[in-house]
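A short worksheet on the structure shown next.
Numbering of ligands and ligand atoms starts at 1, following listing order. Start at 1 with the first residue, then count along the sequence. The structure presented is a predicted model; accordingly, all values stated were derived computationally and were not measured.
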Amino acid sequence: MTSFFKASVETLPSALLKQRSDANERAKKSRVGKVWLVGAGPGDAELLTVKALRAINTADIIFYDYLVSDDIRALFPKNVPAHYVGKAKNQHSIAQEDLNQLLVKQAQLGLTVCRIKGGDPFIFGRGGEELLELRTAGIEAEVIPGITSASGCSTYADIPLTHRGLSQGCTFVTGHAEKSLDVNWSALAQLNHTLVFYMGLTRADEIAAKLLAGGLAADTPVAIIENGCRRDQRDIVSTLSEFPAAVIREQVQSPALIIVGEVVRMKEKLQAQVQLHVSEKQYLLA
Ligand code: SAH
């Protein structure tokens, strides 16, 4: 088979061979790359999907933002250029329009681009905007979902987002807006289920005041999860009326998530069981 193929290629007239190599060159030059919009999850590198890891390992170039944890960055191949594109609040970062253009340009050069961002690209991650921009420019682009921080952080804090008898639903809300938050607060307060606020730290006062005014009880439990799914995760449990003060007292830093609802009480219940079994074991060993 191989020798037949070789012989037939060798017997091709030289004009045809040249035509073929010109065509190969053209194909190489017109090779259009691809952009993977990759969700990195909330921090723990073991929460990366197999697909995300494959996108990281096959990329020609990587663009990452501030929510991509050190542990995940340590997995980037050493020989692949990786560029920080910011996005931390109040810090210098590349404008979204420039970033979109950058992704388009790199793909047009024929590169496989890994644009990796914290959590899930489609949950408060501007993944939809980037995907639309890329597809409008005729670039092949695909999103790889990641574990969103609401799911990762609550789980690592022993707080189930829904729980039979406590909460039949969960709503993700952004605390970030150009001007004031365009949220129907009384509707949120009446839902009687779990509320998770992303980017809510600097608006803690407003979130508490509006939910209280909407009718949520002052003693509704609230958990603040700082640096969730990372080595330095901190969980601060408080109440709706007191959590803005807790944010200041504990000097909570970004990234942090605010979980409001009865499910927060599960944390204490679940952890009490762990404590109980630890003391039982200590008793039996003594
Ligand atoms: N696309 C991301 C969210 C980006 S918005 C996702 O799906 O998770 C940025 C906000 O997400 C932060 O302000 C914070 O509220 C939350 N966040 C992201 N990672 C977090 C982490 N490791 N711990 C706590 N909050 C986190």
* Asp98, CG: over 12 other non-hydrogen atoms inside 6.0 angstrom -> yes
* To do: Answer with side chain, backbone, both or neither: which part of Lys117 has a heavy atom less than 4.0 angstrom from an atom of ligand 1?
  => neither
* Tell me: protein heavy atom nearest atom 4 (C) of ligand 1, and distance? -> Phe124 O, 3.3 Å
* To do: State the atoms of ligand 1, each with its element, that fall below the 4.0 Å cut-off from a heavy-atom position in Asp120.
  => 1 (N), 6 (C), 7 (O)
* Report the nearest protein non-hydrogen atom to atom 7 (O) of ligand 1: residue, atom name, distance rounded to 0.1 Å. => Thr148 OG1, 2.6 Å
* How about Glu129: does its CD atom have over 12 heavy atoms from other parts shown lying under 6.0 Å from it? -> yes
* To do: Would you give the length of the straight line joining atom CZ of Arg54 to atom CG of Asn57, rounded to the nearest 0.5 angstrom?
  => 10.0 Å
* Ile123 N/O to ligand 1 N/O under 3.5 Å -> yes
* Structure fact -> Restricting to heavy atoms, the pick from Gly146, Ser149, Ala150 nearest atom 18 (C) of ligand 1 would be Ser149
* Asked: Is there a path from Val85 to Leu132 through hydrophobic residues (I, L, V, M, F, W, Y) whose side chains come within less than 4.5 Å of each other?
  -> no
* Should we say atom CG of Asp182 is surrounded by more than 12 heavy atoms from elsewhere, each under 6.0 Å from it? -> no
* Check each atom of ligand 1 against the heavy atoms of Asn227 and keep those under 4.0 Å away; list them by number with element. => 23 (N)
* Determine whether the side chains of Glu133 and Gln96 contain a donor N or O and an acceptor N or O closer than 3.5 Å. => no
* To do: Please check if any side-chain donor atom of Thr162 sits under 3.5 Å from a side-chain acceptor atom of Ser167, or the reverse.
  => no
* To do: Walk me through it: do Tyr66 and Tyr84 pass the test ring pair (Phe, Tyr, Trp, His ring centres under 6.0 Å)?
  => CA-CA 8 Å; Tyr66 91 105; Tyr84 174 71; 7.9 Å; no
* Structure fact -> To the nearest 0.5 Å, atom CD1 of Ile159 lies from atom SG of Cys153 at 10.0 Å
* Of all the atoms in ligand 1, which lie at a distance below 4.0 Å from a heavy atom belonging to Cys153? -> 21 (C), 23 (N), 24 (C)
* **Geometric N/O contact Leu67 with ligand 1, under 3.5 angstrom** => no
* Region of Leu201 engaging ligand 1 - heavy atom pairs below 4.0 Å -> neither
* Which of the atoms of ligand 1 are close to Leu257, meaning less than 4.0 Å from one of its heavy atoms? -> 15 (O), 16 (C), 24 (C), 25 (N)
* Relative to ligand 1, is Ile225 under 4.0 angstrom through side chain, backbone, both or neither, heavy atoms considered? -> backbone
* Residue-ligand contact Gly118/ligand 1, heavy atom below 4.0 Å -> yes
* Could you check atom 21 (C) of ligand 1 against the protein and tell me its nearest heavy-atom contact, residue, atom and distance included? => Gly228 N, 3.6 Å
* **Those residues that, when tested against Arg249, pass salt bridge (charged side-chain N to carboxylate O under 4.0 Å, His left out) (two or more places apart)** => none
* **Ligand-side contact atoms (ligand 1) for residue partner Arg230, heavy atom cut-off under 4.0 Å** => 22 (N)
* Less than 3.5 Å between some nitrogen or oxygen of Met199 and one of ligand 1, yes or no? -> yes
* How far is atom 11 (O) of ligand 1 from its nearest protein heavy atom, and which residue and atom is that? -> Tyr198 CD2, 3.4 Å
* Using non-hydrogen atoms of the residue, decide whether Ala256 is closer than 4.0 angstrom to ligand 1. => yes
* To do: Could you list who else is in Ile147's hydrophobic cluster, with ILVMFWY side chains joined at under 4.5 Å, directly or through other members?
  => Leu47, Tyr156
